[in-house]
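None of the values given here were measured: they were computed from a predicted structure. The chain is numbered in sequence order, starting from 1. Every heavy atom of this structure was used, including side-chain atoms; hydrogens, water molecules and symmetry mates were not.
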Amino acid sequence: MSEKKKESVLAGFKAFLMRGNVVDLAVAVVIGAAFTNIVNSVVKGIISPLIGAFGTKSLDGYTSCLKGPCSVDPKTGNAVGVNILWGSVLNAALTFLITAAVVYFLMVLPMAKYLAKVEQRRRAKEGVQETLEVTELEVLKEIRDNLVAQRTGSSSGGSGVGNGHEGTGQHRGGSAG
């Protein structure tokens with residue numbers, strides 16, 4: 001590979017990595033991994049024991065035997081029978097629900113409120129600009145109508161006072177004196 005192609009490929013890769021959305025995604029993955037550990041600790045340390053107060057201390061211990069006998073062979077260590085580990089599924093579901101609730105209430109909801117405020121400010125600013133533009137347009141139309149009225153009034157044989165240059169200091173012919 002030539003040096004120029006190598007540099008352009010590396011420059012393109014650097015530009016790709018430095019794009020805002022790629023960096024944001026990388027940060028989100030790292031924070032998400034750390035957050036997962038926190039949620040797992042809350043589930044295993046607080047919620048599982050609270051639910052386990054009615055039975056075993058760990059949700060992982062809740063099982064049902066579909067086809068018996070459900071036991072572990074002491075010689076091989078393999079499970080005998082068909083055992084449904086619904087406690088593990090419940091534990092995973094609780095972890096998911098807690099994670100989703102925390103993400104929604106601490107991240108999504110505040111961001112939605114913030115974006116709604118920003119949109120409301122933008123609309124209010126846009127409305128003020130639109131009002132100014134409409135008012136300016138109305139004033140310009142009024143000036144145009146007055147100028148048209150003055151021109152049509154002077155060309156129709158009026159008193160000759162309206163020559164189209166009133167208020168500008170410019171008069172037709174001669175000196176101002």
Next on the checklist: Let me check something: do F96 and L90 share a hydrophobic cluster, defined by ILVMFWY side-chain heavy atoms less than 4.5 Å apart, either directly or through other members?
Outcome noted: no
Item to check | Hphob cluster co-occupancy, L97 + L109, side-chain heavy atoms under 4.5 angstrom | outcome: no
Checklist entry - Under a 4.5 Å side-chain heavy-atom rule over Ile, Leu, Val, Met, Phe, Trp and Tyr, are F35 and F105 clustered together? => result yes
Checklist entry - Heavy-atom count around E142 CD within 6.0 Å, excluding the residue itself: above 12? => result no
Checklist entry - Near R122 CZ, under 6.0 Å, is it more than 12 heavy atoms from other residues, nucleotides or ligands? => result yes
Checklist outcome for this item: Interatomic distance, CD1@I31 vs OG1@T36, rounded to 0.5 Å, equals 11.5 Å
Checklist entry - What pair of heavy atoms forms the shortest contact from S64 to W86, and how long is it? => result OG-NE1, 3.0 Å
